[in-house]
Amino acid sequence: MSEYNHRAIEPKWRKSWKDNETYKVTEDTNKEKFYVLDMFPYPSGAGLHVGHPLGYIASDIYARYKRAQGYNVLHPMGYDSFGLPAEQYAIQTGQHPAITTEKNIERYRDQLDQIGFSFDWSREVRTSDPKYYKWTQWIFKQVFNSWYNKSTDKAENIEDLVAIFEKEGNAKVNAVGEETTVFSAEEWNTWDIKKQRSILMNYRLAYLADSWVNWCPALGTVLANDEVKDGVSERGGHPVEQKLMRQWSMRITAYAERLLQGLDKIDFSDSLKEQQKNWIGKSQGASVKFEVRCSMFEVDESQTPNHIEVFTTRPDTIFGVSFMVLAPEHPLVNLITTPEQKEAIEAYQKQASLKSERDRQSDVKNITGAFTGAYAIHPFTGNKIPVWIGDYVLASYGTGAVMAVPSGDQRDWDFATHFGIDIPNVFEGVDISKSAYAEKEGLIANSDFLNGLKVKDAIKKAIHAIEEKGIGTGKTNYRLRDAIFSRQRYWGEPFPVYYQDEIPYLIDDADLPVTLPEVDKYLPTEDGEPPLARAENWFYKADVKSTSPQPSPEDDVEEGSGEEFYKTTDVKTWFRLKEFARENRKNQTHCEKIIWQEVRGSKLGCRFRRQQVIDNYIADFVSFSSMLILEIDGEIHNRPSQQIYDAKRTQKLNELGFNVLRIDNKDVLENLDEVVEKIKANLKTNSSLPTGEGKGGVETRMEFNTMPGWAGSSWYFLRYMDPHNENEFASKDKIEYWNQVDLYIGGAEHATGHLLYSRFWTKFLHDRGFISFDEPFKKLINQGMILGRSSFVYRDKKSGKFISSGKVSEFDTIAIHADISLVDNDVLDIEAFKNWREEYKDAEFILEDGKYICGHEVEKMSKSKYNVQTPDELVEKFGADTLRCYEMFLGPLEQFKPWDVKGINGVNNFLRKLWRLFHQGGSFNVSKEVPSKEALKTLHKTIKKITEDLDRYSFNTVVSTLMIAVNELTEQKCNNQNILEGIIILLAPYAPHISEELWEKIGHTNSITQANWPTFDPAMLVEDDFEYPVSFNGKMKFKLLLPTSLNPKEVEEEVLKFEKTIQILEGKSPKKVIVVPKKIVNVVV
RNA sequence: GCUCGAGUGGUGGAAUUGGUAGACACGCAAGACUUAAAAUCUUGUGUCCACUUGGACGUGCGGGUUCAAGUCCCGCCUCGAGUACCA
């Protein structure tokens, strides 16, 4: 075998690596660790195109490089396998998303395996695997059970907060969360659990609340802010509207400042840091309260809210305030609007609420608003300031209200100009007649105590004055919103949450994971509940919770187990009835209470339960052991209509096997003894029916929402460290050993999603003591997209003929994408094109020089553009080694670059040339002699350059350097083993298969992955001479070989002596000669 | 609009701290081998002028700093990405 044959070599080595578990890694405290991570893919049905593996190749090269340097390298791979496409596919076809996902993963794995990656597949994780999402659920529980203590600036156990409330109320608590009214310890302790838990919701880091959400009707789910682009959904491009919904959220805002500060500690690109900074959107200023008055009528002091709070970054312009604007949704609007303005305001509010997010955005230039009739009082001048509403003020930012300074803010200026409101100028010597002056330079004027001050000083002084007056404080605001955490979807992690009395509780750790139930359809229910509400028999058996801190004996809760045998199939109705029943238990009628006293606690020899749901009905009392139902009837049951209903109901219950005993209220009050006897008579003593007793719990409704895609991806890098642990999300020792990800490679599209959320969860887990670091990724590289090169044919609109691109200007044509496989070097294969599609079978062409030349354009790779290049065909034709090298050779990793298949030959040539270095006359032949000085120089120069290049992640230049080395050694006719061994160790990260093969041929019995990275010896590069470029006035004229032993003075003399110098100088004497040793000589004339 | 990147031959790109601009490769051209093509090999290839030696110009445009600028500074243009009423 004298020719390089990748088809023989590559499968052989891939099998060998697999059989020998070459890339399996274990914790080894004797070695320094290095963690190289790729963003794990969503396994889409389309499979991989050449753009996908780009980042994986780079990370694989780096992992192999670090291994050769002696590091213990963790380099895992897995799948982000929950997500929309599999679910959409399930909706269309009925195929379970788990099956689709499994198939796609298989295809992905096949494709990945071809490329020769060094992943440790024994550590694979999948977010949709219950063994994995068990821990996603567990982490959610920790978040739910935490609050953010501002004083210690970290997340803490919610129990600590409860302890504080019990002891001293919430007056001194400094927490991140919604403001709640101040309460004392006494008040807290008298509240029932429901009240207490609803207060705690305001503090928890995972909380349930009515929030304005991005609702996407087409997808039937809410979306996070980062999933919405330009007012439409990122996936699918469906319109999104604002809706108030009860949703789970994560209090990421608590971490806003730390997420911002943390950016300084990590090595991310400027643009990515900038994106995160903007997303967090910190702005400093002041919060100020303005007193409100209604001008038209005398208001009741106790009724009217007495101030509007605003946030401003320019408190220095407070004297320029000439009106105020509230968001149309602002809660104060309805309270302050005067009767005269009511109609106009309501009309405006309605109009604003009908506008979708997108309309609102595209309507930026339309200035709209309405006057409330109310006035605020300027805190310093006492002037009356009209209060308006306008949709340019957002309810969700700051306080939802602004103090408008038309002279200093363009939007305020536009608004004032449009509605004819005053524009007082508060800047010295600035013309504001044409537009506002938003610069933070210049001096403040017409502003009382701020006159003549620079902006910066004026801000300080203004805040001071505001604080002194007690009307506000200096304040920092963030644009970052809490992250909506629930999705109305099937294919995601179920929440470890159940509801009892409408209060959410966490499911016990012992019962995790909460696995996805089967459903008949992957669509919402008819009532708009998420798909999980379709699941049958999906309950949680919870311990009986008492609703009050000190339950009285009167209030004991009798929830039946047993009733599940008689439930309706409609889960939703079932739970609604159960809620009713629960209410009924609390509000028993007088007669019901009397009966309860008679039958409770198995007084009559069997157990009765109150208010049980049986089929579609609620029975007042039931004994499951006797199959007896007691109905305590009031007067209403005398009405004919009710009697018909009762009869129907009795019939149904009889069908179910119950005996129904109707007891009149009157009898209860007058003949209680008789009634009790009657009940006794109807009791059976030996029943084989289940009683439900002793099962230790009640059935409760599960949470029907699922978690968003980012839940599983926020912590997967931790699970790789200990992927099979069943007792912890990962063991502390292993987390401590592998620690932070040293190099993370992936797309920049996750800048404000995944990369922010995983930083958030990492900080959280750090706060709660589970991990020792608080940033997940030390260094991040965003690989640029590989763009496709589309080919076009041009069809004449009139004749329908296809016009070669050089002649299109003579015709009126439309461009059509042609499949790139039909085009070679822009020349269309006409016969193949005719066969491509039935409609082109008889196509006619207008050629140039006998050829059809296609047009081309660089665009995103996509099926619809027929410009997709899959790695499979390239691996088949050239081999994985060539593909790997070529993808790197294409250009810098971070850069966007067009895919161009032409260059791949060059890289393939290089590998063949390398192969030839090891072979002469058709057989393998390397010399063991002492290498030549020249060859050693080539080798060491190459070691130095490649090591430096890899250390700065310059993957493309490494390939060039290897090419140069091979070219030089070919020139030198070098087949020296020492030299060539060095070269293939350097090459191995890029082209592992060919390197292994040659390594083996040399006679090594181990894998080249165990070879040590060669060390650079500077002595090998020491030169006796240096060829100085000699320039005159900075322009290089000639080169001069001089001994390196010369000092600068001597170099100067040599240069000036040289004949060409004399020629160029033409007798003039140089003003100055600059000599930079071993660099350059510059003669200044 | 704002923020951040980027702009170098026909093409992808190299030039790491200011020190020989265009490495490496593609493409193209000529030649060798061949009946021929493919493959392979050799040579040339920034532009313009002289075409042998050589000279001028040249890193988006205009200025500046420097012995020396693709690289640093100021102003502008174009493209890309992010963001968008954030008070």
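Note that the coordinates shown come from a computational prediction; the quantities given were computed from them, not determined experimentally. Just so we're on the same page: letters track the sequence lines, and every chain starts at 1. Because only heavy atoms are used, hydrogens play no part in the values below, and waters and symmetry mates are left out as well, while side chains stay in.
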For [N], the Watson-Crick or wobble counterpart (both distances under 3.5 Å):
{"N": "B:U45", "answer": "B:G27"}
{"N": "B:C67", "answer": "B:G19"}
{"N": "B:A39", "answer": "none"}
{"N": "B:A84", "answer": "none"}
{"N": "B:A50", "answer": "none"}
{"N": "B:C61", "answer": "B:G75"}
{"N": "B:U34", "answer": "none"}

Practice task
Answer yes if the ring centres of A:H378 and A:F319 are under 6.0 angstrom apart, and no otherwise.
Solution key: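 Yes, ring centres under 6.0 Å apart.
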
Exercise for the section: State yes or no: are the ring centers of A:W899 and A:Y886 separated by less than 6.0 Å? Expected result: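 Yes, they do, as the ring centres are separated by less than 6.0 Å.
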
With respect to the side chain of [X], which nucleotide from [options] is positioned closest?
{"X": "A:R916", "options": "B:C4, B:C41, B:A23", "value": "B:C41"}
{"X": "A:Y392", "options": "B:G19, B:G13, B:C85", "value": "B:C85"}
{"X": "A:T957", "options": "B:C4, B:A87, B:A14", "value": "B:A14"}
{"X": "A:T312", "options": "B:A87, B:U3, B:A68", "value": "B:A87"}
{"X": "A:F889", "options": "B:A87, B:G12, B:C67", "value": "B:G12"}
{"X": "A:K902", "options": "B:C26, B:G19, B:U16", "value": "B:C26"}
{"X": "A:Y397", "options": "B:G54, B:C86, B:U16", "value": "B:C86"}
{"X": "A:D409", "options": "B:U40, B:A68, B:A87", "value": "B:A87"}
{"X": "A:R479", "options": "B:C86, B:A14, B:C24", "value": "B:C86"}
{"X": "A:I964", "options": "B:C24, B:G19, B:G13", "value": "B:C24"}

Practice task
Could you tell me the separation between the NZ atom of A:K475 and the CD atom of A:E309, rounded to the nearest 0.5 Å?
Solution key: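 Nearest 0.5 Å value for the NZ-CD distance: 6.0 Å.
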
Handout entry: Nearest-0.5 Å distance that lies between atom CG in A:L1042 and atom CD in A:E1053
Key =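 That separation rounds to 11.5 Å.
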
When the [atom1] atoms of [N] and [M] are considered, how many whole Å apart are they?
{"N": "B:U20", "M": "B:U71", "atom1": "P", "answer": "13 Å"}
{"N": "B:A69", "M": "B:G60", "atom1": "C1'", "answer": "16 Å"}
{"N": "B:G7", "M": "B:U34", "atom1": "C1'", "answer": "46 Å"}
{"N": "B:A68", "M": "B:A23", "atom1": "P", "answer": "26 Å"}
{"N": "B:U17", "M": "B:A87", "atom1": "C1'", "answer": "45 Å"}
{"N": "B:U43", "M": "B:G63", "atom1": "P", "answer": "43 Å"}
{"N": "B:G19", "M": "B:G12", "atom1": "P", "answer": "24 Å"}
{"N": "B:C77", "M": "B:G70", "atom1": "P", "answer": "23 Å"}

Separation of [N] [atom2] from [X] [atom1] (nearest whole Å):
{"X": "A:F910", "N": "B:A23", "atom1": "CZ", "atom2": "P", "answer": "18 Å"}
{"X": "A:F415", "N": "B:C85", "atom1": "CZ", "atom2": "P", "answer": "16 Å"}
{"X": "A:H750", "N": "B:G82", "atom1": "NE2", "atom2": "C1'", "answer": "15 Å"}
{"X": "A:H330", "N": "B:A87", "atom1": "NE2", "atom2": "C1'", "answer": "13 Å"}
{"X": "A:N1033", "N": "B:U20", "atom1": "CG", "atom2": "P", "answer": "16 Å"}
{"X": "A:M1036", "N": "B:G58", "atom1": "CE", "atom2": "P", "answer": "16 Å"}
{"X": "A:E894", "N": "B:A6", "atom1": "CD", "atom2": "C1'", "answer": "13 Å"}
{"X": "A:Q284", "N": "B:C86", "atom1": "CD", "atom2": "C1'", "answer": "15 Å"}

For the [atom1] atom on [X], are there more than 12 heavy atoms of other groups (residues, nucleotides or ligands in this structure) within a distance under 6.0 Å?
{"X": "A:K941", "atom1": "NZ", "result": "yes"}
{"X": "A:K273", "atom1": "NZ", "result": "yes"}
{"X": "A:K877", "atom1": "NZ", "result": "no"}

Any [X] side-chain nitrogen or oxygen under 4.0 Å from OP1 or OP2 of [N]:
{"X": "A:N956", "N": "B:A14", "result": "yes"}
{"X": "A:R912", "N": "B:U40", "result": "yes"}
{"X": "A:K1037", "N": "B:A56", "result": "yes"}
{"X": "A:T313", "N": "B:C86", "result": "no"}
{"X": "A:N477", "N": "B:A87", "result": "no"}
{"X": "A:N967", "N": "B:A25", "result": "yes"}
{"X": "A:Q895", "N": "B:G13", "result": "yes"}
{"X": "A:R411", "N": "B:C2", "result": "no"}

Practice task
Mark yes or no for a side-chain to base donor-acceptor pair under 3.5 Å between A:K273 and B:U3, with no hydrogen or angle criteria applied.
Solution key: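 Result: no qualifying N/O pair found.
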
Exercise for the section: Walk me through it: do A:F415 and A:W388 pass the test ring-ring contact (aromatic ring centres under 6.0 Å, His included)? Expected result: CA-CA 10 Å; A:F415 195 88; A:W388 288 66; 5.6 Å; yes

With sugar-phosphate meaning primed atoms plus P, OP1 and OP2, does [X] contact a base, only sugar-phosphate, or nothing at under 4.0 Å between heavy atoms?
{"X": "A:V402", "value": "base"}
{"X": "A:I1074", "value": "base"}
{"X": "A:N905", "value": "nothing"}
{"X": "A:Y478", "value": "nothing"}
{"X": "A:D900", "value": "nothing"}
{"X": "A:K1039", "value": "base"}

Practice task
Specify the residue among A:K897 and A:R314 whose closest nucleotide of RNA chain B lies further upstream toward the 5′ end.
Solution key: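 With A:K897 and A:R314 compared, the 5'-side residue is A:K897.
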
Handout entry: Which residue lies more 5' along RNA chain B, comparing A:G281 with A:S960 via nearest heavy atoms
Key =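 The residue closer to the strand's 5' end, by nearest nucleotide, is A:S960.
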
Problem - Check: A:K913/A:N967 side-chain N/O donor and acceptor closer than 3.5 Å - result: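 Note: A:K913 and A:N967 side chains meet the donor-acceptor criterion.
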
Exercise for the section: Tell me whether B:G9 sits syn or anti, counting syn as a glycosidic angle within 90° of 0. Expected result: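 Chi for B:G9 falls in the syn range.
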
Exercise for the section: Specify the closest pair of heavy atoms between A:Y348 and A:P328, including all atoms of both residues, with the distance to one decimal. Expected result: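 In terms of heavy atoms, the two residues are closest at CE2-CG, 4.0 Å.
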
